[in-house]
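Note: hydrogens, waters and symmetry copies are ignored here, and every other heavy atom, side chains too, is used.
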Amino acid sequence: MAASDTERAQQQIDEIEALSSIYGDDWCVVDEDEKIYCIKISDCLDQPKWTLCLQVILPPGYPTAEPPIYQLNAPWLRGQDYTELANSLEEIYLQNLGESILYLWVEKIREVLVEKAQSSDSEPDIKKSTEEVDEDDGDDFLLDYQPTQEDQTKMLNYMTSESHEDEELPPIHHGNPITDRRSTFQAHLAPVVTTRQVKRVLEKLYENKKIASATHNIYAYRIYCEDKQTFLQDCEDDGETAAGGRLLHLMQILNVHNVLVVVSRWYGGILLGPDRFKHINSCARNVLVEHDYLPSTEESSRQVGKSKKIRKDNKKKTEH
């Protein structure tokens with residue numbers, strides 16, 4: 001006899017309660033209503049080198065009729081590593097049809113991470129840390145949106161020496177989130193004048209459990225080196241192909257500098273196609289406007305209108 005919707009819902013509740021009890025702070029509820037969850041998995045070392053975030057969405061038919069929808073999020077996970085791990089998870093599902101499998105998935109991933117830690121002395125090739133800290137994140141899924149205060153300065157007088165050991169952590173601002181078809185995008189901004197500050201800001205952001213569990217954390221930065229009159233700039237896709245390059249291109253077009261922009265995306269289970277790039281850039285542009293790195297749309301329109309009027313007046317003068 002097939003399980004009813006009520007029975008499946010109760011099975012999901014029981015499984016989630018068990019996993020929350022087993023994994024404690026490593027287990028994160030992203031969206032209770034949409035049944036989106038995330039767990040941070042690491043090797044068993046005191047100071048883990050290999051970590052991965054497993055994000056799952058439980059469809060109504062799980063566990064008896066549908067598998068979980070999942071994302072494997074780790075900067076080092078790509079190519080053959082990704083394919084082999086995905087195949088292992090699929091094999092576990094097929095061997096346990098109709099049963100709750102999230103615990104088996106988590107422990108399989110942990111087994112892979114432990115093997116990597118034991119077989120390699122090198123660190124994984126990553127550009128970000130997802131280390132979590134014990135802090136009160138509140139019940140909200142997103143960080144609080146904080147509008148700019150009028151008297152707030154955009155740039156502090158930071159020390160620019162790369163050899164300075166104690167670079168000051170710049171202020172970090174969080175933009176207004178955009179949600180489309182259950183995917184949520186939110187930009188974060190910080191003024192930076194050295195790559196050490198970029199690193200410090202990224203580390204600080206990834207200390208937040210919500211940000212660390214995002215499906216993608218895309219970022220780009222531009223720093224103007226006045227002595228060389230050149231730009232120091234870089235970007236990171238974090239698994240969202242070409243997103244970092246598009247974000248950096250936007251910043252180049254807008255001619256902003258001495259700033260780092262990070263856009264977090266929490267995937268909601270529905271593919272957005274090209275719209276995802278539109279939302280990433282919209283988030284980035286909005287937070288840059290909010291913090292006075294470029295004029296607002298209204299101000300830009302007034303400037304364009306003023307420029308057209310000047311050109312028109314000059315043309316009349318030349319005609320006379």
Side-chain angles (χ1 to χ4, degrees), residues 53 71-79 82 123-130 143 154-155 158 160 162 167 169-175 177-178 183-208 210-226 228-267 272-291 293-294:
C53 281
Q71 285 266 339
L72 299 170
N73 303 321
W76 55 267
L77 186 64
R78 56 179 70 91
Y82 188 98
E123 298 280 341
D125 181 20
I126 61 175
K127 292 188 178 180
K128 71 177 187 180
S129 165
T130 55
L143 302 172
K154 181 177 70 175
M155 181 68 73
Y158 297 119
T160 58
E162 282 296 303
E167 286 280 6
L169 177 68
I172 302 174
H173 309 288
H174 308 290
I178 294 175
S183 279
T184 300
F185 302 79
Q186 187 176 31
H188 322 282
L189 174 150
V192 293
V193 291
T194 70
T195 53
R196 284 184 180 274
Q197 288 181 337
V198 171
K199 183 179 179 181
R200 285 213 62 193
V201 171
L202 293 174
E203 288 174 345
K204 185 64 177 178
L205 286 172
Y206 297 136
E207 285 177 359
N208 183 283
K210 299 296 190 299
I211 294 176
S213 67
T215 311
H216 307 290
N217 282 304
I218 303 115
Y219 70 79
Y221 65 87
R222 299 187 81 218
I223 298 171
Y224 183 63
C225 305
E226 194 161 353
K228 299 178 182 177
Q229 295 189 339
T230 58
F231 284 97
L232 180 62
Q233 55 190 23
D234 199 1
C235 60
E236 168 61 39
D237 296 337
D238 194 24
E240 184 68 280
T241 305
R246 289 169 183 251
L247 178 57
L248 179 58
H249 184 57
L250 172 72
M251 295 171 70
Q252 291 169 336
I253 292 173
L254 298 175
N255 195 28
V256 297
H257 56 272
N258 295 349
V259 64
L260 163 69
V261 177
V262 181
V263 179
S264 301
R265 180 197 179 181
W266 291 268
Y267 178 62
L272 301 186
D275 284 349
R276 66 191 190 279
F277 298 115
K278 178 183 70 176
H279 296 322
I280 290 167
N281 280 359
S282 293
C283 276
R285 190 187 187 284
N286 290 346
V287 79
L288 287 166
V289 169
E290 182 69 38
H291 293 277
Y293 281 86
L294 64 153

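- In terms of heavy-atom proximity, Leu272 sits nearest to Ser183 at CD1-CB, 3.8 Å.
- Using a 4.5 Å heavy-atom cutoff, the side chains of Asp234 and Val198 are not in contact.
- Using modelled atom types, no side-chain atom of Asn258 and backbone atom of Pro191 make a donor-acceptor pair closer than 3.5 Å.
- Across Tyr221 and Met251, no two heavy atoms sit closer than the pair CA-CE, 4.1 Å.
- The backbone N or O of Tyr267 sits less than 3.5 Å from a side-chain atom of Thr215, completing a donor-acceptor pair.
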### Query
Are Val262 and Ile211 close enough, and set up right, to give a side chain to side chain contact (heavy atoms under 4.5 Å, CB included), and what steps lead you there?
CA-CA 10 Å; Val262 181; Ile211 294 176; 5.9 Å; no

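- In this structure, CD in Glu290 is found 10.0 Å from NE2 in His173, a value given to the nearest 0.5 Å.
- For Asn281 against Leu250, the heavy-atom pair with the smallest separation is O-CD2, 3.6 Å.
- Between Arg276 and Phe185, some side-chain heavy-atom pair lies under the 4.5 Å cut-off.
- For the atom pair NZ (Lys278) and CD1 (Ile178), the distance works out to 9.0 Å, reported to the nearest 0.5 Å.
- With rounding to the nearest 0.5 Å, the separation of CD in Gln233 from OG1 in Thr195 is 13.5 Å.
- One N or O on the side chain of Arg222 and one on the backbone of Val256 form a donor-acceptor pair closer than 3.5 Å.
- Considering all non-hydrogen atoms of both residues, Val201 and Val192 come closest at CG2-CG1, 4.4 Å.
- Considering every non-hydrogen atom in both Tyr206 and Ala212, the closest pair reads O-CB, 3.5 Å.
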### Task
Kindly determine whether Glu207 and Lys204 satisfy salt bridge (Lys or Arg N to Asp or Glu O under 4.0 Å), including the steps that lead there.
CA-CA 5 Å; Glu207 285 177 359; Lys204 185 64 177 178; 3.5 Å; yes

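- Note that CD1 of Ile218 and OG1 of Thr241 are 10.5 Å apart. Values are rounded to the nearest 0.5 Å.
- Here the NE2-CG distance, from His188 to Leu205, works out to 6.0 Å after rounding to the nearest 0.5 Å.
- Between the side chain of Asn217 and the backbone N or O of Asp238 there is no donor-acceptor pair closer than 3.5 Å.
- Taking 4.5 Å as the limit, some side-chain heavy atom of Tyr224 sits within range of a side-chain heavy atom of Gln229.
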### Message
Could you walk me through whether Val287 and Val263 satisfy the side chain to side chain contact (heavy atoms under 4.5 Å, CB included) test, starting with their C-alpha distance in whole Å, then the side-chain angles of each, then the deciding distance to 0.1 Å, before giving a yes or no?
### Response
CA-CA 10 Å; Val287 79; Val263 179; over 6 Å; no

### Task
Please step through side chain to side chain contact (heavy atoms under 4.5 Å, CB included) for the pair Leu189 and Tyr293, ending with a clear verdict.
CA-CA 10 Å; Leu189 174 150; Tyr293 281 86; 3.8 Å; yes

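- Across all non-hydrogen atoms, the minimal contact from Ala187 to Cys283 is CB-O, 3.5 Å.
- With values rounded to the nearest 0.5 angstrom, Arg200 atom CZ is found 9.0 Å from Ile172 atom CD1.
- Proximity of Glu236 to Leu247: side-chain heavy atoms (C-beta onward) are nowhere separated by under 4.5 Å.
- Between the side chain of Gln186 and the main chain of Gly175, a donor-acceptor pair closer than 3.5 Å is present.
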